[in-house]
Amino acid sequence: MKAAVTQGAGRPLAITELPDPTPATGELIVRVDACGVCGSDLHLAQHVDLPGLVLGHEFCGTVEAVDPSVASEWREGARVAVFPLAACGQCVFCEAGYLSKCASAQQLGLHRPGGFAEYAALPVTSAYRLPDHLDASVGAMVEPLAVAHHALDRTPRPLDEPVLVIGGGPVGAAVALWARHRGAREVMVSDPIAHRRTLAERVGATATVDPATDDVADAFVALTGHLPGVVVECVGNPGLIQVAADVAAIDGHVTVVGVCMVDDAMSPLVALQKELSVQYVLYYRRADFEASIAALQSGALDPTPMLTGTTGFDAFAERFESLSHPTTDCKVLLTP
Ligand SMILES: [Zn+2]
Ligand SMILES: [Zn+2]
């Protein structure tokens, strides 16, 4: 099969031939229909020396082969949204659907081959039925939408409370989309990049602000009459947790979704004075995945404005590389 494979830190992906996977016990093989590029894929390719890895964890596909031990509900031709974590299935975390916290958790596209390939092997426990009427490009959005759903699910505030979202990239846009869908009266997205603000409005943000030219706190007060009780940090650059604390209301809450991979200094005094609560989140649990599929199935959630590009293998390595630089893209999909 064709696959996009890492060649080591900082080197471009290579499009090469790999052996077709065969199903191990309890596994399905899916033909990958669409796989989104995530910021974490870009980070791994650039900074982590893992040559020979098939990245990609935001994908959906069609069942191609089934291990005989797998229950007969899975047949060839079934459409699958992939929950890209494999885990023991028995510990307290797995029981609660928090596979990411299982000591034996393995991520597809990191610890095992992922979706930047024609075929992928996955444990049957990673397979969720994707409704037939949903386009594959939407199926590939289940995973990033689950990230955003989880962030809001772990934000202990009323669903209708106005929300400030820091960052209008793929994560921030998905958080804005879900926040509006869950009933937030106002959702303001702060981002210095104009096209990201435009995108945020297209997915339902009621207002946007350019933090390079405007005071975010003033803008939020002008919109809602008060400082934000909920701030969701979706960028992961150093300094932004401090920004979130600075702008939050007294007794407010900060949810940190942005993955900051370097040291970040902050002065706790502001957060102390305001008695802020802070929740760090990573991944999702099964319920977040199920909520995303249900909202897509009913049509309640429309992530299509976030889909800015689709490419086959021919142009994929260059397109992948381009996403590491300033770009007007939001979510780019490989359609093998
Ligand atoms: Zn991701
Ligand atoms: Zn477990």
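Values below: every heavy atom of this structure, side chains too, minus hydrogens, waters and symmetry copies. Numbering of ligands and ligand atoms starts at 1, following listing order.
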Closest approach to the Zn ion (ligand 1) by E58, given as the N, O or S atom name = OE2
Give the name of the N/O/S atom in H57 that lies closest to the Zn ion (ligand 1).
-> NE2
Would D251 and K274 pass as an ion pair if we require N to O under 4.0 Å?
-> no
May I ask you to decide whether K331 forms a salt bridge with E58, counting only side-chain N to carboxylate O separations under 4.0 Å?
-> yes
Within one Ile-Leu-Val-Met-Phe-Trp-Tyr cluster: L42 and I193, side-chain cutoff 4.5 Å | no
Non-hydrogen atoms of G115 and V54 that approach each other most closely = N-CG1, 4.5 Å
V216 versus P211, closest heavy-atom pair with distance = CG2-CB, 3.8 Å
What are the protein N, O or S atoms, given as residue plus atom name, that sit under 2.8 Å from the Zn ion (ligand 2)?
-> C88 SG, C91 SG, C94 SG, C102 SG
Between H149 and S292, a side-chain donor and acceptor under 3.5 Å = no
N/O donor-acceptor pairs under 3.5 Å from side chains in residues 260-267, not counting sequence neighbours:
from	atom 1	to	atom 2	distance (Å)
D264	OD1	G239	N	2.9
D264	OD2	G239	N	3.3

